[in-house]
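Input: a single structure, listed below in C-alpha cells.
This structure is a prediction, so every number in the text was calculated from the model and none was measured. Quick note: numbers below take in every heavy atom, side chains included, and nothing from hydrogens, waters or symmetry partners.
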Amino acid sequence: MTVFAMPVFDATVIYEGKELFKGQGAAGVWAEKLSAELGSKVTVAKIGTGWALFGNVDGTDCRWGIHGQRLKRLD
C-alpha cells in the first residue's frame with residue numbers, strides 16, 4: 001500500500017489554511033515512511049504552528065502536509 005493511501009490519524013493543526021502535523025515526532029515517523037517509498041531523503045520542518053515534510057522528487061523540492069487524513073503535497 002502506498003503511503004499516500006494510508007490514513008493519518010495523528011494530531012494536526014491548521015496554519016495559513018494548510019493542515020500540518022501538530023508534533024515533530026509524528027511528522028518524523030511519516031517522513032521515514034515517505035522516504036522509504038520515494039527512495040530519497042525526507043525531513044521535517046516547522047511551518048508556523050505545525051510541522052511539514054520536505055523532500056525532493058525528480059529534482060523538484062516538495063512539501064507535504066495533510067488533507068482528509070492523507071498525505072498531500074502542499075506545493
Side-chain angles (χ1 to χ4, degrees):
M1 171 187 283
T2 176
V3 71
F4 293 101
M6 297 170 68
V8 177
F9 289 122
D10 295 295
T12 63
V13 295
I14 304 294
Y15 180 76
E16 293 184 348
K18 294 175 177 65
E19 189 174 6
L20 305 171
F21 290 93
K22 184 174 184 177
Q24 182 179 11
V29 169
W30 283 91
E32 289 175 10
K33 293 177 185 181
L34 184 56
S35 178
E37 181 160 327
L38 297 177
S40 62
K41 185 177 179 178
V42 176
T43 60
V44 299
K46 190 156 181 110
I47 297 179
T49 58
W51 294 85
L53 311 182
F54 289 79
N56 189 289
V57 177
D58 297 329
T60 303
D61 290 332
C62 301
R63 301 179 306 160
W64 294 272
I66 304 164
H67 180 72
Q69 295 183 337
R70 302 288 188 266
L71 286 182
K72 178 185 181 223
R73 203 162 142 179
L74 298 175
D75 308 24

(request) Output all residues satisfying salt bridge (Lys or Arg N to Asp or Glu O under 4.0 Å) with Arg63, sequence neighbours left out; order by chain, then residue number. (result) Asp75
(message) Working to the nearest 0.5 angstrom, can you tell me the gap between Thr43 OG1 and Glu32 CD?
(response) 12.0 Å
(request) Over all heavy atoms of both residues, which pair between Met1 and Glu37 is shortest? Give the atoms and the distance, please. (result) O-OE1, 4.4 Å
(message) Going by the rule side-chain contact (heavy atoms from CB on, under 4.5 Å), which residues pair with Thr49 if we only count those two or more places apart in sequence or in a different chain?
(response) Val13, Tyr15
(message) Tell me the closest heavy-atom pair linking Lys41 and Ser35, and the distance in Å.
(response) CA-OG, 3.9 Å
(message) Testing Asp61, Val42, Ile47 one by one against Phe54 for a side-chain contact (heavy atoms from CB on, under 4.5 Å), which residue passes?
(response) Ile47
(request) Give the minimum heavy-atom separation between Ala52 and Leu20, together with the two atoms involved. (result) CB-CD2, 4.0 Å
(message) So which atom in Met6 and which in Arg70 form the shortest heavy-atom distance, rounded to 0.1 Å?
(response) O-CD, 3.5 Å
(request) Evaluate whether atom NZ of Lys22 has more than 12 neighbouring non-hydrogen atoms of other residues, nucleotides or ligands under 6.0 angstrom away. (result) no
(request) Answer yes or no: does atom NZ of Lys46 have more than 12 heavy-atom neighbours from other residues, nucleotides or ligands under 6.0 Å? (result) yes
(message) Given Leu53, which partner from the list Leu71, Leu74, Ile66 fulfils the side-chain contact (heavy atoms from CB on, under 4.5 Å) test?
(response) Leu71
(request) Return the minimal non-hydrogen interatomic distance between Trp51 and Ala27, and the atom names on each side. (result) CB-CB, 3.8 Å
(request) Report the hydrophobic cluster partners of Val29, with the cluster defined as I, L, V, M, F, W, Y residues connected by side-chain heavy atoms closer than 4.5 angstrom, directly or transitively. (result) none
(request) Begin from the C-alpha positions of Phe21 and Val8 and carry the test side-chain contact (heavy atoms from CB on, under 4.5 Å) through to its verdict. (result) CA-CA 9 Å; Phe21 290 93; Val8 177; 3.7 Å; yes
